[in-house]
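See below for the structure under consideration.
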Amino acid sequence: MSVSWKTTAGLTLLALVFAIGLTFAAVELPRLLDDWMGNTVNTPALATGQDMDTAYKTRLYMDHFHLKVIGYAALAITLLLIVVGLARNRTGLASAGAILLFLPVFGQFAATMFFLGGLAFLRLLWLPFLDLSFNVMRLGDAILFPYRWMIDLGRAAGIALHGVLPPVFVATGFFFFVAGTLAWFLARARGRKVADFWVYRISRHPQYLGWIIWSYGILLLPGNNQKRYFELSNTLPWLLSTLVIIGVALFEEMKMRKSAGTEYCRFQQRTPFLFPLPRFILRLLKWPQRLLFGKNRFERKREILAFLGLYALVFMGISLWSSGLLAANNPVVAQTSSQIRASAETIRNTTNRLLIRRELKSLAGAGTQALPHLLSLLADEDPIVRWYTIDTLGEMGSIAAVPDLIARLRDPDRWVRTAAAGALGRLQARTAVPALIEALADRKRDMAKAAALALGRMKDRRAIAPLLYVLQRAPTDAAGAAASALGNMGFRDTTPTLVQCLEERADCPFNQVGEALFELGSPRALDAFAAGLKDKAWWQRETALRGMAALGTPAALSHVISALDDPDTKVRRTAVWVMRRFSATLAPRIRQALESLQSDPDLEVRLYAIDTLEYFGDGKVKKF
């Protein structure tokens, strides 16, 4: 039956609208939803995973709203859709479950510090995995091999493909989806049971192929997440959802053989399942099928499920090895000299910061063998490369790098100079003390703060006089670093000068002086923190509150209680939170103070107040 050009044009438009709408939903809509959710949904202002406190606060928030129960229920419903869909031949349900399993990948667009903030709220679906370990999500990392191989081929040809490949995958998936949808529409309009023309000559399931390629591109698209707690792998959900989609396609083939008979069998013989592959690869992929069932065609559902389950285990096993999870107790991975050179060249030829960090981590894992290449990177023209390389050398504890790091104290880039001072401090390289003292006094290099902190780690008496001078004469930020350094060094004969700064200097860095006096055992630390509570900057008042909590005295608690009336929400949150650090002997005063927070407008303040009341256990906790 022929189809008019008007029908063809209409179906083409319908296919395009459908695919464009889905592409918008996959690329642009997540960004819009993330912005909206970030501005309207009240989530904790936390950098999740930064420390033990933020991890505990995250659990408080999740428990309060029963988010763990919601996450487990959502995953159960998703898995139920897949199981019921496959068991009852309702492939639409199974496909919906596979898509739901993949949806949290769009959380990579979230820019919030909280790991469930913004669109990353979708990660609730993965909470059962995350409860086991965040590393569980890396059990699909084997799927990244094709992408990495393409990157390596491009690198060999002198082409940087990191920013190119993800959108290419998305566009390719878009093409197959549009072409497949249009061909399917036209086949139905012509009354044909089997669509075997156009893109169907390349793939028996072009829409599913389009989804797989498309979602792979979405998986690789760079998001706003750059910190450790945001670099949550998405590979396992993609692997599982893709295997479900393949299972759906295999189930549909069983149905088509029954409904279309020999016509579909002939179609199967001349057209690849998903995409054309060399025969030896096809035989290799089907080898487990022949081994398990002794045939090349699936005839029962359980055969398909067993086949896909086996491949899931194979991919997870490869991922377990390739991601380094099996070598968690031995992070140093042996590398060949060619691999080390390749990593160094990658660093030189890219501006992608995440890639630079990854390759530097690889070089650090190679140990002293990679040291010459790391030292050569200190002369790279890109200051980002120099900066990250210095950090890597500091983390490696490479004493051999000290002379080169000292030279970087005169780098033209400020951040590189600062990183060099920090690395020397971590290495506690006393041979660098004279150079750091010189940098301490060099205002042109703007090094006073970084040099002071580095000297504080070394505990070298040669640095005391220069640090005291900076404390008395330098601008506030440098003077604060000098105070911190003096506190770290632990020489009590510096206490009078710290007290003098507290008493005589109007712009004294009160909190750093307070911390130093506390470390040196001086009772004047309370006066310094009390002065810090009067600072206009909320973060300075927060720091002073934490200092008061470290003192733990009744007088310090009085200052913390007074901060419960601070107009800044962030300060009130800190005031409530630090109360848990005071002694149980002060519990009656703390409980009385927390009664006033029943009507506080901020959710976090109320959550922390509830938790603090429970912590001190008066038996009369109010769920306000």
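All values reported here derive from a predicted model rather than from experimental measurement.
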Open item on the list: If we ignore hydrogens and angles and just use 3.5 Å, is the side chain of Ser596 paired with the main-chain N or O of Ala593 as donor and acceptor?
Closed with: yes
Task: Distance in Å, Leu313 CG paired with Ile318 CD1, rounded so as to fall on 0.5 Å steps - done: 11.0 Å
Task: Ring centers of Phe273, His205 separated by less than 6.0 Å - done: yes
Open item on the list: Just so I know, are the side chains of Val105 and Leu122 near enough to count as touching, which here means a heavy-atom distance under 4.5 Å?
Closed with: no
Task: Backbone of Leu125 reached by a side-chain donor or acceptor of Tyr72 within 3.5 Å - done: no
Open item on the list: Would you say Glu542 and Thr574 are linked by a side-chain donor-acceptor pair, where the criterion is simply a distance under 3.5 Å?
Closed with: yes
- [ ] Check the pair Leu165 / Phe169 against side-chain contact (heavy atoms from CB on, under 4.5 Å), numbers first and verdict last.
- [x] CA-CA 6 Å; Leu165 283 180; Phe169 286 136; 4.1 Å; yes
Open item on the list: With a 6.0 Å cut-off on the ring centroids, do Trp214 and Phe175 count as close?
Closed with: no
Task: Axial cation check for Tyr615 ring with Arg580, 6.0 Å and 45° limits - done: yes
Open item on the list: Could you go through Ile590 and Leu613, starting from their C-alpha distance and side-chain angles, then the distance that decides it, and tell me whether this counts as side-chain contact (heavy atoms from CB on, under 4.5 Å)?
Closed with: CA-CA 8 Å; Ile590 292 173; Leu613 286 171; over 6 Å; no
TODO: Using atom types as modelled and distance alone, determine if a side-chain donor or acceptor of Asn511 lies under 3.5 Å from a backbone N or O of Gln540.
DONE: yes
Task: Side-chain H-bond candidate by donor/acceptor type, Arg573 with Tyr608, under 3.5 Å - done: no
Task: NZ/Lys449: more than 12 non-hydrogen atoms of other groups inside 6.0 Å - done: no
Open item on the list: Quick check: closest heavy atoms across Val248 and Ser95, and the distance to 0.1 Å?
Closed with: CG1-OG, 3.6 Å
- [ ] Answer whether the closest heavy-atom distance between the side chains of Thr612 and Arg591 falls below 4.5 Å.
- [x] no
Open item on the list: When you compare the side chain of Leu127 with that of Leu75, does any pair of heavy atoms fall below 4.5 Å?
Closed with: no
Open item on the list: Please give me the minimum heavy-atom distance between Ala120 and Phe115, naming the atom from each residue.
Closed with: CB-O, 3.3 Å
- [ ] Start with the C-alpha distance between Met137 and Trp126, add both sets of side-chain angles, then the distance that settles side-chain contact (heavy atoms from CB on, under 4.5 Å), and finish with yes or no.
- [x] CA-CA 9 Å; Met137 306 302 288; Trp126 293 347; 3.3 Å; yes
Task: Pairwise side-chain contact, Thr392 with Leu363, heavy-atom cut-off 4.5 Å (strictly under) - done: no
TODO: Would you mind reporting whether Trp36 and Asn39 have side-chain heavy atoms less than 4.5 Å apart?
DONE: no
Open item on the list: Taking Asp602 first and then Arg572, would you say they form a salt bridge - that is, a charged N and a carboxylate O separated by under 4.0 Å?
Closed with: no
Open item on the list: Run Leu236 and Met316 through side-chain contact (heavy atoms from CB on, under 4.5 Å) and show every step you take.
Closed with: CA-CA 8 Å; Leu236 179 62; Met316 289 181 189; 3.6 Å; yes
Task: Rounded distance (nearest 0.5 Å) linking atom CG of Asp611 with atom CZ of Phe616 - done: 10.5 Å
Open item on the list: Has Ser484 got a side-chain atom pairing as donor or acceptor with Gly480's backbone, closer than 3.5 angstrom?
Closed with: yes
Task: Candidates Phe177, Phe102, Tyr216, Trp238 - the one meeting ring pair (Phe, Tyr, Trp, His ring centres under 6.0 Å) with Trp211 - done: Phe102
TODO: Using atom types as modelled and distance alone, determine if a side-chain donor or acceptor of Lys301 lies under 3.5 Å from a backbone N or O of Phe251.
DONE: no
Open item on the list: Determine whether a donor-acceptor pair (N or O, by modelled atom type, separation under 3.5 Å) exists between the side chain of Glu604 and the backbone of Ala45.
Closed with: yes
- [ ] Compute whether any side-chain donor of one residue and acceptor of the other, for Glu252 and Tyr208, lie under 3.5 angstrom apart.
- [x] yes
- [ ] Output the distance between atom CH2 (Trp577) and atom CG (Asp53), rounded to the nearest 0.5 Å.
- [x] 5.5 Å
Open item on the list: With a 6.0 Å cut-off (strictly less than), is the heavy-atom count around CZ of Phe65, excluding the residue itself, greater than 12?
Closed with: yes
Open item on the list: Quick one, Leu221 and Ile218 - any side-chain contact, counting heavy atoms below 4.5 Å?
Closed with: yes
Task: Exercise: do Asp141 and Thr235 side chains pair donor with acceptor under 3.5 Å - done: yes
Task: Side-chain touch Leu219/Ile143, heavy atoms, less than 4.5 angstrom - done: yes
Task: Minimum-distance pair of heavy atoms, taken over all atoms of Phe106 and Leu119 - done: O-CD2, 3.5 Å
- [ ] With the side chain counted from C-beta on, respond yes when Ile356 and Thr350 share a heavy-atom pair under 4.5 Å apart, and no when they do not.
- [x] yes
- [ ] Taking all non-hydrogen atoms of both residues into account, name the closest pair between Val578 and Ala549 and its distance.
- [x] CB-CB, 3.6 Å
Task: Minimum-distance pair of heavy atoms, taken over all atoms of Gly140 and Leu239 - done: CA-CD2, 4.1 Å
Open item on the list: What's the separation between atom CG in Leu240 and atom CZ in Phe315, rounded to the nearest 0.5 Å?
Closed with: 11.5 Å
Task: Candidate list Asn42, Leu603, Leu46, test side chain to side chain contact (heavy atoms under 4.5 Å, CB included), partner Tyr61, passing option - done: Leu603
- [ ] Check Gly118 against Met37 and note the closest heavy-atom contact, atom names and distance.
- [x] O-CE, 3.4 Å
Open item on the list: I'd like to know if the side chain of Arg581 reaches the main chain of Gly552, judged simply by a donor and an acceptor atom lying under 3.5 Å from each other, with no hydrogens or angles considered.
Closed with: no
Task: Between CD1 on residue Ile304 and CG on residue Leu308, distance to nearest 0.5 Å - done: 7.5 Å
- [ ] Give a yes or no answer on whether the side chain of Arg606 reaches the backbone of Asp600 with a donor-acceptor pair at less than 3.5 Å.
- [x] yes
Open item on the list: I'd like to know whether CZ of Arg90 has more than 12 heavy-atom contacts from other residues, nucleotides or ligands below 6.0 angstrom.
Closed with: no
TODO: Measure the spacing between CG of Asp566 and CG of Leu533 and express it to the nearest 0.5 Å.
DONE: 8.5 Å
